[in-house]
Every structure is written in C-alpha cells, then in structure tokens.
Protein chains: 2
Amino acid sequence: MPRLTDARKELRRTQIAEAAVRCFSRNGLKRTSIADITAESGLSAGSIYAHYRNKADLVQAAARETLDKRDGTISEYAAADAPPSPDELLSRLIAAIDPAEARVGVQTWGESTTDPAIRDIVADTTDRMRAMVHDCVTAWLVKVEHHDPPHAREFATPIAHQVMALYQAELLYTALRTPAEETPS
Amino acid sequence: MPRLTDARKELRRTQIAEAAVRCFSRNGLKRTSIADITAESGLSAGSIYAHYRNKADLVQAAARETLDKRDGTISEYAAADAPPSPDELLSRLIAAIDPAEARVGVQTWGESTTDPAIRDIVADTTDRMRAMVHDCVTAWLVKVEHHDPPHAREFATPIAHQVMALYQAELLYTALRTPAEETPS
DNA sequence: GTCTATACGAAGATAGAC
DNA sequence: GTCTATCTTCGTATAGAC
C-alpha cells in the first residue's frame, strides 16, 4: 500500500477543492469555469482532471468540504461538563459562520434541488448536524436542567429543530448580506 | 395608451415565465436552456426574445413570480378579527408550500449569492414577507392577547424572526424531500 | 409578433509531449 | 503528474422571412 503517495494525492485534491471553493464563493457553482479554477489554484486543466473525473465530481468535493466544516465543534460542546444552553449554542454557531462558506453553502442548497448527488450530501450533512445539536441540547437538559435522560432526548427534538432552522436562516441572511467580491473579469 | 395591447403583452410574458418556472423546477436555473423553455411553452426562441431581453431577465421574472406568490394571504390574516397565533400562522404558511415552487425558491437563494439583481429580489420579497408576518403577529398580540399596540409591535419582532426562519427552513426541507422529476432527455 | 435557421462564443474535456 | 494546445459540444442570441 503506497500510503504516502495516497496522502500526497489527497493533499492535491484538497488544494484543488479549496481553490474551487474560493471561485464558487465569488462566482457561483455554474458560472465558475475550469479555467477560473486553474487560475485560482495555479494548476492546469490537465492536472485537475487527473484528480477529479469531471466538474460535477469537483463540485461534490467542494460541497462536502464546506458543509462538513461546522461539525467538529458541536460534539465538543455536548461533551462539556456544562453544555451551552440552546440560545448560547445558537449564538456560537452563528458567530462561527464565515461569509464565503455561507455563500457556497446556500449555492449548494440550490444545486441540491436538481442534482441527486448533491442532494444526498446536503441531506446527510444536515442530518448529522441536527443529530449533534440534538445531543448537545440533550446534554444541557440533563446536566444543567436536571431532566432525566429519556425525557430529555424527547424534549430536545423540537428545540434542536428550532436551533437548526434559526441557524440555517442566519446562513441565508449572511449570504444575502455579504455580496461576493466583484469578478475581476 | 394602448392599454389592451399592454395587457396582451403582459399575458404572453407571464405565459413564458410560468413555462420557465416549470423548467427551472425540473432542471434548475442554469441547466435550463432556452430550447427547454421553447419546448415547454410551445413558443419559439425568437418569440421569447421579443418579450425578454435575455435569459437573466427571464430568470428575474420567474424569481419574482415564485417569491411573491406567498404574499397575498398573510395580509388577510392580519386584518381578521381573530388573527392566527404564531404557531397557527406558521402551520398555514407551511401547508401552503408547493414543492415545485419550493425548489425554484431555493434555487433563487443560491443564485442570489452571486447575482446582484436576484439578490435584490430575494432581499425585497423576504423583507416584505417578514413585515407581513410582523403585522400579523402584532395583530394577534393586540386583538387576542390584549397587549397594548406600542409594546406589541416591539414584542412581535423576535417572534416574526422565528416564524420566518422556521418557514424558510421548511421551504428548504421541502425542496430536499421532493426531488424533481427525471429529465425526459 | 412569431417563426426557422444560424452565427458566435464559451466551457468541458482530451491528446500527447515532457 | 503536469503542462499546452485543441477538439467538440452546447447554448445564447440574432437575422431575416412571413
């Protein structure tokens, strides 16, 4: 197993994907051409197609990267001795929003309405994040509010739903509020 | 003033826009070609360009049509003797969601991140709808809960914000839940 | 105003050298 | 693996007849 080689390959892939995310953030999923990504990444078209089958494949990678980025922190909150309240959790989630990622995230929502592969990615990442929020709210109910665990899990469900909705709305408003930079055409 | 002629012109415009919305709902904003819209509308490319300057113009018309459709009913609620509670209002808004329009709406959000004209349309329609929700919640506070009007308007603001967020989240979930029909390619 | 036919440009993807 | 150069397809928009 050439593990080191695989690692280098993966590094290039993320390098390309990150350049793509920057382009998408400025110009959108469809208006971004391969030429834009070559300019942003410093690589060539041939090189990009050596790492991604086609543009759709690259868009999927960018979507995963953008949508997954939020996941790390929430699980830490749930494990804390004094988990944050739902209001506090929401505040922290909103504070962590990056405008560029918000734009790509909302673009991804739009794409998910017609592209099944993107749809699955959005559904998966949304479900995973909701589960984490649910865990965090449950932990707060148990550890701070002293509910008993079985009741807490049930009680947490509509609260997690609300937190997610308010977070996603804020994502949309951030994307609307902070326009992309002018295209340097 | 050829008022009748103008009315016919406007009729054709909406005929074209409605065909466009159906195409967008299936295939998305960018993957829909003018040829698709000619097929759906029964008109020709030349005819379409006689009514819309270009595709972007047509997309804007479709966005307005889709996003405005929700507006009519809410103002009636606010004027009622017993305005609906926020929960009831939200239920009615959600019940009125049409999956096809939800998809185009979410696509419009995505487009708004990079297209200033679409951004303005989304921002305007969102603000208008939020204002109507705010009026409705205020009316409920005054007429049903017997708050005094000045206090009610202020108290209604965060509630309206929540109703909007939950509604928009439901719009997104509807778009995710109901995939577009297969493209009959 | 509506049609058919087409010009023009753009972008995805590949070939082949290094 | 990476590059340059190019092929090919597709879609917007227009021209010109009716």
Side-chain angles (χ1 to χ4, degrees), chain A residues 2-24 26-63 107 111 114-115 117-118 183-185, chain B residues 2-24 26-63 107 111 114-115 117-118 183-185:
Chain A
R3 192 181 300 170
L4 218 64
T5 304
D6 282 7
R8 296 188 85 83
K9 247 180 124 79
E10 198 54 36
L11 209 67
R12 260 282 193 270
R13 278 179 62 92
T14 59
Q15 173 190 351
I16 294 169
E18 283 172 2
V21 169
R22 287 193 294 274
C23 292
F24 294 154
R26 281 199 299 270
N27 299 339
L29 262 31
K30 299 276 178 172
R31 274 183 54 197
T32 294
S33 66
I34 300 296
D36 293 333
I37 298 172
T38 63
E40 180 73 28
S41 67
L43 296 172
S44 67
S47 181
I48 288 174
Y49 279 95
H51 292 274
Y52 292 93
R53 245 183 301 280
N54 50 34
K55 190 183 168 185
D57 193 15
L58 180 48
V59 169
Q60 289 167 31
Q107 289 164 15
E111 200 60 14
T114 51
D115 182 332
I118 300 289
T183 309
S185 59
Chain B
R3 192 181 300 174
L4 219 63
T5 303
D6 282 4
R8 295 190 84 83
K9 248 180 125 77
E10 199 55 35
L11 210 64
R12 261 282 193 268
R13 279 179 62 91
T14 59
Q15 173 190 352
I16 294 169
E18 283 171 2
V21 169
R22 287 193 293 274
C23 291
F24 295 154
R26 281 200 298 270
N27 298 338
L29 261 31
K30 301 274 178 171
R31 275 182 53 195
T32 295
S33 67
I34 301 295
D36 294 332
I37 298 172
T38 63
E40 180 72 29
S41 67
L43 297 173
S44 68
S47 181
I48 288 174
Y49 279 96
H51 292 273
Y52 291 95
R53 245 183 300 282
N54 50 34
K55 189 183 167 182
D57 194 16
L58 180 49
V59 170
Q60 289 167 31
Q107 289 164 15
E111 201 60 14
T114 51
D115 183 331
I118 300 289
T183 311
S185 57

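Quick note on labels: first sequence line is chain A, next is B, and so on, each numbered from 1. In this text the structure is predicted, and so the values were computed from the model without any measurement.
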Practice item. Give a yes/no answer on whether the side chain of A:R12 brings an N or O atom under 4.0 Å of OP1 or OP2 in D:dT2. Key: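 True: A:R12 side-chain N/O within range (under 4.0 Å) of D:dT2 OP1/OP2.
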Check your understanding: Taking only side-chain nitrogens and oxygens of B:K30, does any of them come within less than 4.0 Å of OP1 or OP2 of D:dG11?
Key ->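 For B:K30, the contact criterion (side-chain N or O under 4.0 Å from OP1 or OP2 of D:dG11) is not met.
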Exercise for review: Over all heavy atoms of both residues, which pair between A:D36 and A:C23 is shortest? Give the atoms and the distance, please.
Suggested key: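 What the structure gives for the nearest pair is O-SG, 3.6 Å.
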Round to the nearest Å and state the distance from [X] atom [atom1] to [N] atom [atom2].
X	N	atom1	atom2	result
B:I48	D:dT14	CD1	P	14 Å
A:L29	C:dA11	CG	C1'	15 Å
A:H51	C:dA13	NE2	P	16 Å
B:R31	D:dT12	CZ	P	13 Å
A:I16	D:dG1	CD1	P	11 Å
B:N27	D:dC10	CG	C1'	15 Å
B:R53	D:dA13	CZ	P	12 Å
A:K55	C:dG12	NZ	P	4 Å

Review point. Are B:L43 and B:Q15 close enough that some pair of their side-chain heavy atoms sits under 4.5 Å apart?
Key: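 Yes, close enough: below the 4.5 Å cut-off.
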Exercise for review: Report yes if the side chains of B:E111 and B:K30 come closer than 4.5 Å at any heavy-atom pair, otherwise no.
Suggested key: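 The answer is yes; the side chains approach within 4.5 Å.
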**Study point:** Stretch residues 32-39 of chain B: residues that reach within less than 4.0 Å of DNA chain D through a heavy atom
**Key:**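 Output list: B:T32, B:S33, B:I34.
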Taking the side chain of [X] as its heavy atoms from C-beta onward, which of [options] lies nearest to it?
X	options	result
B:N54	C:dT2, D:dT2, D:dA13	D:dA13
B:K9	C:dG1, D:dT2, C:dT2	C:dG1
A:S44	C:dT14, C:dT2, D:dC3	D:dC3
A:Y49	D:dC3, C:dA13, D:dA13	C:dA13

Point to revise | Steps toward side-chain contact (heavy atoms from CB on, under 4.5 Å) verdict (B:T114, A:R26) | key: CA-CA 7 Å; B:T114 51; A:R26 281 199 299 270; over 6 Å; no
Review point. Under the side-chain contact (heavy atoms from CB on, under 4.5 Å) criterion, do B:I37 and B:L58 qualify, and how do the steps go?
Key: CA-CA 11 Å; B:I37 298 172; B:L58 180 49; 3.7 Å; yes
Check your understanding: Measuring from B:E40:CD to B:T32:OG1, what's the distance to the nearest 0.5 Å?
Key ->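 Spacing of CD (B:E40) from OG1 (B:T32) equals 9.5 Å.
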Review point. CZ/A:R13 to CG/A:D57 distance, rounded to the nearest 0.5 angstrom?
Key: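 Result: 6.0 Å between the selected atoms.
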